[in-house]
Amino acid sequence: MLKNNIQTVDAATQYSNLDVKPKEEPSEDVKKFLGIWLNRGYTVQPPATTYTVVGHSIHLNTHSGRSTLGIATSPFAAPRYQWYKSTDKGRSWTEISRNEGGNEEDLRVTSNEPGSIYYQQRVNWRQAGGLGFSIAEIWSQVAGIHYSAKDKNAEKIEVSVQDDYLYNNPSEIALNSTVATAKVNPEDYTEDLVWSVDNHQLAYINPETGELNANSRGASGIVRVTGTIKNVDGTSVSDSVDVQIGGGLEDKKVKSGESAMFAMQGHIGQLGDKDNDFTVRWYRQPAGTQKRELVASNTKELSYVIEEARVRLDNDLYWAEISMRFSRDVYEYVTNKARLNVLPADKPDITLNNTVQNETFNHNNTDDLIDDIANGDIVSYRDEITISPDSGPLRKGTYVLPIYGDTEIDSVKINDEEIDPSRYQVINYFGGTSPILQIDQIRRESGETFVIEVRTRVDGVYMNEQMVAHPYIYSGEEDNAYRFRGKDKVMNYVTNVLQKDVRDISYGAVNAYTTDKIISRTDDTNQPNDVVTVDDQRRTKEPIKVFLTQEGEFTNDDGGSLPGCLRLYDQGKFVEIVGKKVKVTESQKDQPLNSIGWDKENGLLLHIHDAAVAPGQYSTTLNWSFENSI
């Protein structure tokens with residue numbers, strides 16, 4: 001277990017002898033911090049309970065040691081072992097002689113009679129040389145061996161390990177061994193439990209004790225640990241558990257834009273504030289180089305996070321160097337180099353259903369054609385955006401809506417909720433002729449549908465113009481570029497006014513002796529050229545009448561009058577217009593007013609009266625009026 005960064009090495013098995021009085025109180029289990037032994041104790045205890053048959057040899061295995069600090073203080077102290085046994089549940093204990101193996105680390109025992117015998121070991125470390133004096137002592141747990149006259153089969157076994165990750169590089173602060181244990185049903189089975197592994201290149205296991213040691217050559221992989229019991233009748237039971245062997249870090253594979261975290265595996269643990277002598281440095285080696293780049297220093301973090309991995313980081317290597325001061329010594333561990341694999345991001349598959357509505361004026365508009373849009377109109381846009389559930393999510397998307405001229409934004413809503421103006425911006429491209437509304441940093445999950453609604457007030461229409469527009473969502477993000485557009489919408493903008501352009505009329509040079517004669521206009525004001533050019537952009541076309549008045553006679557610069565006047569001819573019939581308001585033409589309801597022009601024999605012609613014309617330049621003023629018909 002890891003509690004407060006202290007790893008307790010539980011060396012006991014699953015059974016205990018609570019009704020047996022030990023010779024001495026068993027010592028506490030070994031505690032480790034970052035692989036350093038904080039106290040003396042056992043990592044392999046003799047099994048608390050063993051059932052066997054009479055005459056069968058049992059091997060009691062142990063493994064113990066002193067604290068790292070104790071070894072540093074007295075490195076040459078040697079352990080001395082002594083086994084004791086009891087046949088009366090601990091009421092009395094006897095020392096096992098040297099001839100019976102009582103002074104060995106491990107003890108082999110057997111019995112020719114049914115019954116129970118209990119064993120306990122003492123380990124005493126003494127200074128080297130001469131008799132030496134004791135500097136440390138520990139006592140094992142009590143091991144009870146129960147001998148019967150008849151074998152009993154094992155029916156089920158459940159295998160576990162104290163640690164499922166072991167380091168493959170030699171270091172004082174990295175855990176490279178653990179113990180496999182088993183829970184057997186029934187617990188009074190009588191045959192031996194044998195341990196094995198499937199790959200000796202990765203780890204070695206003691207077949208009797210279950211003590212598993214990782215290789216120290218840097219070989220990584222998964223080793224399967226198996227416990228097997230072969231019964232006397234030929235049947236067997238077994239179970240397995242996997243243990244990861246590595247250098248502390250595992251390779252990571254992510255998609256572009258996702259975060260990647262390299263974290264120390266196994267019982268390194270997270271650092272507390274009190275562990276001030278513990279530091280970690282993280283390094284990066286760019287792919288295809290031998291560079292060693294420091295990416296995090298003097299940190300106490302046993303993990304390193306790349307917030308948004310990109311394809312350009314693919315195959316980069318990352319590792320950590322751990323340094324710890326314990327007492328007067330410094331311990332270091334360098335992890336393996338773990339590889340970062342970055343795959344291209346799953347692009348979203350987006351469907352954009354867009355509609356446009358002129359709330360002010362709607363005359364025969366269709367889904368794809370919005371006609372007769374004028375200044376002051378309220379034009380609203382509704383875009384339903386769906387991300388396919390079988391595609392990637394929408395990351396940092398940008399929504400773009402083309403708008404016209406000086407159009408103002410009244411409101412922007414996402415899923416019926418109005419967003420603050422700081423969330424969007426209006427950008428004018430090409431000197432303000434191509435403005436857009438833009439919303440950045442849109443994030444949505446796969447399978448999600450959301451609606452963007454934009455309400456605008458049209459302005460800046462100074463001429464009749466057509467715009468083919470469509471909204472779109474795009475991303476220029478590295479490794480995740482995409483662009484999805486809606487349907488084209490034809491937007492016809494009109495000024496909603498009747499525009500008129502009246503040309504000057506000339507009758508050329510008139511002979512001074514011309515009398516009682518009709519003079520036609522010069523060719524530039526005869527058909528196909530119009531005298532009055534009309535562009536009728538009124539959305540509601542009410543009838544209009546056009547009237548013409550000649551304000552006064554033709555006069556020259558000297559104040560002399562021309563003996564003549566203008567007449568409005570129509571197929572040989574005429575009316576003089578001097579001082580009169582004469583109707584020239586009119587339009588019908590729902591019809592545009594057309595431009596005004598005549599051929600050479602019709603329209604405004606000049607009549608010279610029966611009098612001589614004095615030389616000079618003569619002119620007059622014509623008043624055109626355009627009046628709604630009632």
Side-chain angles (χ1 to χ4, degrees), residues 8-13 15-17 20-32 37-50 52 56-111 116-145 177-179 181 192-193 195 204-213:
T8 300
V9 181
D10 184 4
T13 59
Y15 308 113
S16 60
N17 297 288
V20 178
K21 181 180 179 181
K23 181 172 177 56
E24 295 290 342
E25 190 68 25
S27 302
E28 64 176 341
D29 292 328
V30 170
K31 291 182 174 63
K32 293 182 180 181
W37 288 42
L38 300 180
N39 65 303
R40 56 183 176 269
Y42 284 87
T43 57
V44 177
Q45 292 266 21
T49 304
T50 302
T52 188
H56 187 75
S57 177
I58 298 297
H59 191 186
L60 299 178
N61 294 276
T62 67
H63 184 71
S64 58
R66 292 188 297 149
S67 69
T68 302
L69 181 58
I71 294 174
T73 304
S74 52
F76 303 109
R80 294 187 180 184
Y81 304 98
Q82 180 60 60
W83 286 92
Y84 299 86
K85 70 177 180 180
S86 173
T87 57
D88 55 6
K89 289 192 174 183
R91 287 189 293 272
S92 62
W93 290 87
T94 59
E95 188 177 279
I96 300 175
S97 67
R98 179 184 296 273
N99 292 335
E100 294 177 300
N103 301 126
E104 301 295 328
E105 183 177 16
D106 300 334
L107 179 67
R108 286 193 177 274
V109 296
T110 188
S111 176
S116 299
I117 304 176
Y118 299 92
Y119 299 87
Q120 190 176 17
Q121 183 192 60
R122 181 193 69 189
V123 184
N124 188 283
W125 282 270
R126 293 180 176 273
Q127 286 285 19
L131 296 176
F133 59 90
S134 175
I135 62 172
E137 183 177 273
I138 60 172
W139 287 82
S140 75
Q141 69 179 1
V142 175
I145 303 178
S177 66
T178 190
V179 177
T181 58
D192 293 334
L193 170 59
W195 295 99
Y204 168 79
I205 194 168
N206 187 313
E208 294 181 337
T209 66
E211 188 175 14
L212 180 70
N213 289 275

Heavy-atom closest contact ([X] atom, [Y] atom, distance):
X: Val179; Y: Val44; result: CG2-CG2, 4.1 Å
X: Ala136; Y: Arg40; result: CB-CD, 3.6 Å
X: Val20; Y: Gly90; result: CG1-N, 4.1 Å
X: Thr110; Y: His56; result: OG1-O, 3.2 Å
X: Ala77; Y: Trp125; result: O-CD1, 4.1 Å
X: Leu60; Y: Pro47; result: CD2-CD, 4.1 Å

Trp139: ring pair (Phe, Tyr, Trp, His ring centres under 6.0 Å) partners, not counting sequence neighbours: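 Expected list: Tyr84.
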
side-chain contact (heavy atoms from CB on, under 4.5 Å) between Ile117 and Ser111, worked out: CA-CA 9 Å; Ile117 304 176; Ser111 176; 4.3 Å; yes

Is it true that a side-chain atom of [X] and a backbone atom of [Y] form a donor plus acceptor pair closer than 3.5 Å?
X: Ser140; Y: Gln120; answer: no
X: Trp195; Y: Glu211; answer: no
X: Gln121; Y: Glu105; answer: yes
X: Ser86; Y: Ser92; answer: yes
X: Asp106; Y: Thr62; answer: yes

If I take atom [atom1] from residue [X] and atom [atom2] from residue [Y], how far apart are they, to the nearest 0.5 angstrom?
X: Arg122; Y: Glu24; atom1: CZ; atom2: CD; answer: 9.0 Å
X: Trp83; Y: Glu100; atom1: CH2; atom2: CD; answer: 13.5 Å
X: Lys21; Y: Lys89; atom1: NZ; atom2: NZ; answer: 15.0 Å
X: Tyr118; Y: Ile145; atom1: OH; atom2: CD1; answer: 10.5 Å
X: Thr94; Y: Lys23; atom1: OG1; atom2: NZ; answer: 9.0 Å
X: Arg80; Y: Glu137; atom1: CZ; atom2: CD; answer: 12.5 Å

So [Y] and [X], do their side chains get closer than 4.5 Å, heavy atoms only?
X: Ile138; Y: Ser64; result: yes
X: Tyr81; Y: Val123; result: yes
X: Leu38; Y: Ser67; result: no
X: Leu107; Y: Ile96; result: yes

What pairs with [X] under side chain to side chain donor-acceptor pair (under 3.5 Å), at least two apart in sequence or on another chain?
X: Thr52; result: none
X: Ser74; result: Arg66
X: Thr50; result: none

Under the salt bridge (Lys or Arg N to Asp or Glu O under 4.0 Å) test, residues paired with Glu28 that sit two or more places apart: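 Expected list: Lys31.
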
Stepwise side-chain contact (heavy atoms from CB on, under 4.5 Å) check, Gln45 with Asp29: CA-CA 9 Å; Gln45 292 266 21; Asp29 292 328; 4.1 Å; yes

By side-chain contact (heavy atoms from CB on, under 4.5 Å) - contacts of Ser57 (at least two apart):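 Applying side-chain contact (heavy atoms from CB on, under 4.5 Å) to Ser57 gives Arg108.
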
